[in-house]
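Everything on this sheet refers to the single structure shown next.
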There are 2 protein chains.
Amino acid sequence: MLNQSAALDATFQALADPARRSMLSRLSFGPTSVSELARPLKMSLPAVMQHLAVLEASGLVRTRKLGRVRSCRIEPRGLSLAERWLNQRRTEWEQRFDRLGDYLETMKKETRDHGQ
Amino acid sequence: MLNQSAALDATFQALADPARRSMLSRLSFGPTSVSELARPLKMSLPAVMQHLAVLEASGLVRTRKLGRVRSCRIEPRGLSLAERWLNQRRTEWEQRFDRLGDYLETMKKETRDHGQ
DNA sequence: CGTATACTTAAGCATATGCTTAACCAAAGC
DNA sequence: GCTTTGGTTAAGCATATGCTTAAGTATACG
């Protein structure tokens, strides 16, 4: 089991490559094989396998071999983990902004009321 | 200007390191100096500077030097870009699931109505 | 002016990443 | 059974990343 921080490391690292994001985009429309994932990419099959391994290690993708073809599907909980982290940071920032707004509003009122 | 894909590369890459996420977490509560960002991290100041450069290059953070201290603040639009990409992938996946659900529902109805 | 503070630059180094080519293996198709 | 198809393993290599220490610069303080 990966701890939270290591899981985020692996997830964001996996997301940081255009080939891997392309694979995830394809997979977001439904499961597919390795060679289907490779088709639009300008690189060798072993390279695609390595990207796939990164995606699988991060928990963003799950795969399963049936006969000689490996079927790959997206794991939406992997996406959610990353999405939640980003959302929390953004929310904290916005809350701070709200408090700042309240503070400025209060100052304005006090200036008006007490003629500072 | 970075194109969309390069911007996502830089953003997710920046997010893939625990020290940089720690810095972003701190910054989500408000602007601060470099040495303040460095305080909780077990590394040299130059190392922190390098992480900061990565964050700034990705557009997740903006900095500005006043006197001898550099003030750093989070750039929420950087977070949004990454968040939106994740959200789109997850949404596509969920829509596919909905369509699959509809299909299965249709099949069930047809079986019931026409006694297939 | 002299010293402390807050970075900043440069160099060097170990490990990680992203790719390649060259075999290799095992299920399908004929 | 022999070949094609779909994937896998291994090795090697160039570049990128994450850190370090040592030395520098530019404010601010007393």
Side-chain angles (χ1 to χ4, degrees), chain A residues 2 5-27 30-73 82, chain B residues 2-3 5-27 30-74 82:
Chain A
L2 257 35
S5 179
L8 286 168
D9 285 4
T11 300
F12 285 127
Q13 181 68 279
L15 290 165
D17 185 282
R20 288 193 291 262
R21 285 199 307 279
S22 150
M23 293 165 78
L24 283 172
S25 289
R26 169 64 189 79
L27 288 174
T32 193
S33 70
V34 175
S35 41
E36 181 64 27
L37 285 180
R39 197 193 307 281
L41 302 174
K42 295 182 204 327
M43 66 181 72
S44 66
L45 204 53
V48 173
M49 297 286 301
Q50 286 168 36
H51 284 303
L52 188 57
V54 171
L55 286 168
E56 202 166 3
S58 74
L60 284 166
V61 165
R62 295 198 59 174
T63 77
R64 188 182 166 195
K65 197 161 183 177
L66 290 171
R68 68 182 166 176
V69 353
R70 179 171 296 278
S71 176
C72 313
R73 60 195 167 90
Chain B
L2 256 35
N3 64 41
S5 179
L8 286 168
D9 285 5
T11 300
F12 285 127
Q13 182 68 281
L15 291 166
D17 184 283
R20 289 192 292 262
R21 284 198 308 279
S22 151
M23 293 165 78
L24 283 173
S25 288
R26 169 64 189 79
L27 289 174
T32 192
S33 70
V34 175
S35 40
E36 181 63 27
L37 285 180
R39 197 193 306 282
L41 301 173
K42 295 182 205 326
M43 64 180 72
S44 67
L45 205 53
V48 173
M49 296 288 299
Q50 287 168 37
H51 284 303
L52 188 57
V54 171
L55 286 168
E56 201 165 6
S58 75
L60 284 167
V61 164
R62 297 197 59 174
T63 77
R64 187 181 168 196
K65 195 158 183 178
L66 290 171
R68 66 184 166 173
V69 352
R70 180 172 295 277
S71 176
C72 313
R73 60 195 168 89
I74 209 168

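If you're wondering where the values come from, they're calculated on a predicted model, not measured in any experiment. Here is the naming used below: chain letters follow the sequence lines, and residue numbers restart at 1 for every chain.
In this structure, CE of Met49(A) is placed 14 Å from P of dG6(D), rounded to the nearest angstrom.
The two residues Val34(A) and Cys72(A) make their nearest non-hydrogen contact at CG2-SG, 4.1 Å. Heavy-atom minimum distance, Ala38(B) versus Val48(B): CB-CG2, 3.7 Å.
The span of DNA chain C lying next to chain B, judged by atoms under 4.0 Å from heavy atoms, is bounded 5' to 3' by dA4(C) to dT9(C).
If you take CD1 on Ile74(B) and CG on Leu24(B), they are separated by 5.0 Å, rounding to the nearest 0.5 Å. The distance from the CG atom of Leu27(A) to the CZ atom of Arg73(A) is 11.0 Å, given to the nearest 0.5 Å. Between the CG atom of Leu55(A) and the OG1 atom of Thr63(A) there is a distance of 10.5 Å, given to the nearest 0.5 Å. Put simply, OG on Ser33(B) and CZ on Arg68(B) are 11.0 Å apart, with the number rounded to the nearest 0.5 Å.
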Using a cut-off of under 3.5 Å, enumerate the N/O to N/O pairs linking the protein to nucleotides 21-30 of chain D.
{"residue": "dT27(D)", "atom": "O2", "partner": "Arg68(B)", "partner atom": "NH1", "Å": "3.2"}

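Not one side-chain nitrogen or oxygen of Ser33(A) sits closer than 4.0 Å to the OP1 or OP2 atom of dG6(D).
Sorted by first and then second residue, the pairs that involve residues 43-53 of chain A and meet side-chain hydrogen bond (donor to acceptor under 3.5 Å, both in side chains), not counting sequence neighbours, are Arg20(A)-His51(A).
Side-chain atoms of Ser25(A) come within 3.5 Å of backbone atoms of Arg21(A) as a donor-acceptor pair (strictly under, hydrogens ignored).
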